[in-house]
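Some notes on the structure that comes next.
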Amino acid sequence: MTTINWLEAWSAEDGARRVDELFTRSFDGSPEGVWSAPGRVNLIGEHTDYNAGLCLPTALPHRTYIALRPREDDLVRLVSAQAEGVWEARLSDVAPGAVQGWGAYVAGVAWALAEAGHKVGGFEAAVDSCVPFGAGLSSSAALEAAVAVALDAVTGLGLVASDAGRAELVDVTRRAENEIAGAPTGGLDQSASLRCREGYALLLDFRPGLKPLESGVPVPFDLATAGLTLLVVDTKAEHSHVDGEYGARRASCEQAAELLGLESLREIAPTLGGMGIDRALAELEPHDADGVLRRRVRHVVSEIDRTARFADLVREGRAADVGPFMVASHVSLRDDYEVSCRELDLVVDSAMAAGALGARMTGGGFGGSAIALVRLADVDTVARAVADAFADAGLTEPVFLLAPPSAPAG
Ligand code: ADP
Ligand code: MG
């Protein structure tokens, strides 16, 4: 019988104990405190962020923990249970392109806080995490957000106390990832880790110029009361050509918007008052012999609509009815946006055949994770069906996480 690999979330006590012990073993004395931040999963709204669209993430119960103590000087010294040795740098040496390795995600946050006008000194910190790396569940944002809330506390900034302050920390952590770690991500991950709430999804709107409280709206997503849960499947599929394909998708979207004389593809979406997809496709046809541009546009526009409608259903307490939107999202990402892969398709097909209410790939694609909305009573059946399908296909064993909408960084 195939084994099912569950990745359990640590309890807060367990996470705190791990980093406290790692800190004490690695540095003299005790940390000033322990903070943590979750990974995230996107329910719907994929490849919409760079089209000024909508997406709807929740925070995972899986978190990255950090024990931290400020220093008198500007030295940053870090250890992680997931990395070898001690990572060290002076804050005065941190600049775009100047630091390498995992510590860039940490020192980058201190750098970005300083850039935003806050006074930040050096520190020692120990990190440990049950968020898997590179599974599309945003271990990088969990790390940045954990650092941000820790530095917020030890420097007395108080930004964590309000959603507007948290939105400021989203900008800080996004800058750390973009400019110091050198990863061109759009803010979805950091927003989710810092601004989601337990029992809620976060409707993010990437229209430029919105105020923080308009750009991120909590939507009650009470799965437990509905007898449901979210199953995440880390396919372990190797991402290949991700950067080039991502760049190509972005370029197609920009080209289509320019041909249509729009700022962004969002402006087509009918639920948001746009011209509608039929007119947009007709206008693109003369410039699009192979149909690629039209397929890309059809995904983005339909996905923005699906996200808006999914959020409406969830608001009405109809979480059990969102399944068809998840499947439609997957089909659109697979056929029109062409960012799925064999493993992601297999999760969706096998989970649906085993009784999931909905399933789709999540994250950028070409590997990473898929999600399934399942009745609590069906969790084991669905997980077993997926594990069996992977075994039959001769694929690496996937890893399963249960992901009820969880608490933000704190
Ligand atoms: P993900 O989809 O998990 O965010 P990324 O490639 O964006 O994948 O980020 C993973 C990187 O973040 C790791 O390679 C590492 O550099 C850093 N990272 C995340 N969590 C930790 C941790 N607990 N300890 C050390 N480095 C970490
Ligand atoms: Mg990441």
Side-chain angles (χ1 to χ4, degrees), residues 42-57 136 184-189 203-210 215 239 241-313 322 324-341 344-345 348 358-368 370:
N42 193 24
L43 298 172
I44 195 159
E46 224 64 78
H47 288 279
T48 50
D49 54 351
Y50 53 85
N51 290 296
L54 305 171
C55 67
L56 191 69
T185 55
L188 188 174
D189 305 348
L203 183 61
L204 288 173
D205 188 330
F206 289 91
R207 217 175 337 160
L210 289 187
S215 68
H239 290 57
H241 313 300
V242 183
D243 294 347
E245 295 285 352
Y246 178 83
R249 296 302 178 285
R250 276 190 87 135
S252 294
C253 292
E254 281 161 24
Q255 190 193 346
E258 200 180 316
L259 285 166
L260 294 166
L262 303 172
E263 288 290 317
S264 71
L265 296 182
R266 169 205 184 91
E267 291 167 48
I268 302 168
T271 42
L272 304 171
M275 63 165 76
I277 189 70
D278 292 339
R279 212 181 106 198
L281 296 184
E283 283 186 24
L284 285 172
E285 190 178 352
H287 311 279
D288 182 35
D290 58 8
V292 170
L293 274 188
R294 276 169 291 168
R295 290 209 303 281
R296 304 297 188 249
V297 170
R298 197 161 57 195
H299 165 69
V300 170
V301 176
S302 63
E303 185 78 354
I304 292 172
D305 270 332
R306 275 188 293 274
T307 306
R309 291 161 71 191
F310 186 120
D312 285 343
L313 279 179
V322 300
F325 290 104
M326 296 172 73
V327 175
S329 168
H330 184 77
V331 169
S332 175
L333 286 157
R334 184 190 68 196
D335 298 344
D336 278 345
Y337 222 60
E338 298 180 277
V339 293
S340 188
C341 64
L344 292 168
D345 293 343
V348 171
R360 58 181 291 275
M361 55 161 275
T362 184
F366 306 107

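A side chain to side chain donor-acceptor pair (under 3.5 Å) with Ser329 holds for exactly one of Arg360, Arg334, His299; it is Arg360. Of the options Leu54, Leu43, Leu203, a side chain to side chain contact (heavy atoms under 4.5 Å, CB included) to Phe310 is made by Leu43 and by none of the others.
Looking only at side-chain heavy atoms (C-beta outward), Glu254 and Glu258 stay at 4.5 Å or farther from each other. When side chains are defined from C-beta on, Arg295 counts as touching Glu338, because their heavy atoms get closer than 4.5 Å. At least one side-chain heavy atom of Val297 sits less than 4.5 Å from a side-chain heavy atom of Ile277. Here the side chains of Tyr337 and Cys253 are in contact, with some heavy-atom distance below 4.5 Å. Put simply, the side chain of Val322 does not reach to within 4.5 Å of the side chain of Ile44, judged on heavy atoms. Counting heavy atoms from C-beta on, the side chains of Leu204 and Pro57 come closer than 4.5 Å.
Between atom CG of residue Leu262 and atom CD of residue Glu267 there is a gap of 5.0 Å, rounded to the nearest 0.5 Å. Here the straight-line distance linking atom CG of Leu344 with atom CG of Leu333 works out to 9.5 Å at 0.5 Å rounding. Atom-to-atom distance recorded for Asp49:CG and Thr185:OG1 is 9.0 Å, nearest 0.5 angstrom. For the atom pair CG of Leu188 and CG of Leu56, the computed distance is 10.0 Å after rounding to the nearest 0.5 Å. In this structure, OG1 in Thr48 is found 11.5 Å from CG in Asp305, a value given to the nearest 0.5 Å.
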Residues Met361, Val339; criterion side-chain contact (heavy atoms from CB on, under 4.5 Å); working and verdict: CA-CA 9 Å; Met361 55 161 275; Val339 293; 3.9 Å; yes
Stepwise side-chain contact (heavy atoms from CB on, under 4.5 Å) test for His330 and Asp345: CA-CA 8 Å; His330 184 77; Asp345 293 343; 2.8 Å; yes
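Taking the six-membered ring where the residue is Trp, His47 and Tyr246 present tilted rings, their angle falling between 30° and 60°.
Under a 3.5 Å cut-off, the side chain of Glu283 and the backbone N or O of Leu260 do not form any donor-acceptor pair. Remark: the backbone N or O of Gly53 is not paired with any side-chain donor or acceptor of Asn51 at under 3.5 angstrom. Although no hydrogens or angles enter the test, the distance criterion places a donor-acceptor pair under 3.5 Å between the side chain of Asp288 and the main chain of Arg294. Without hydrogens or angle criteria, Thr362 side chain to Asn42 main chain gives a donor-acceptor distance under 3.5 Å. The closest donor-acceptor contact from the side chain of Arg266 to the backbone of Gly274 lies at 3.5 Å or more, if one exists at all.
Closest of all the heavy-atom pairs between Glu303 and Gly45 is OE2-N, 3.0 Å. Between Phe366 and Cys341, the closest heavy-atom pair is C-SG, 4.1 Å. Minimum interatomic distance between Leu259 and Leu293 (heavy atoms only, all atoms of both residues): CD1-CD1, 3.7 Å.
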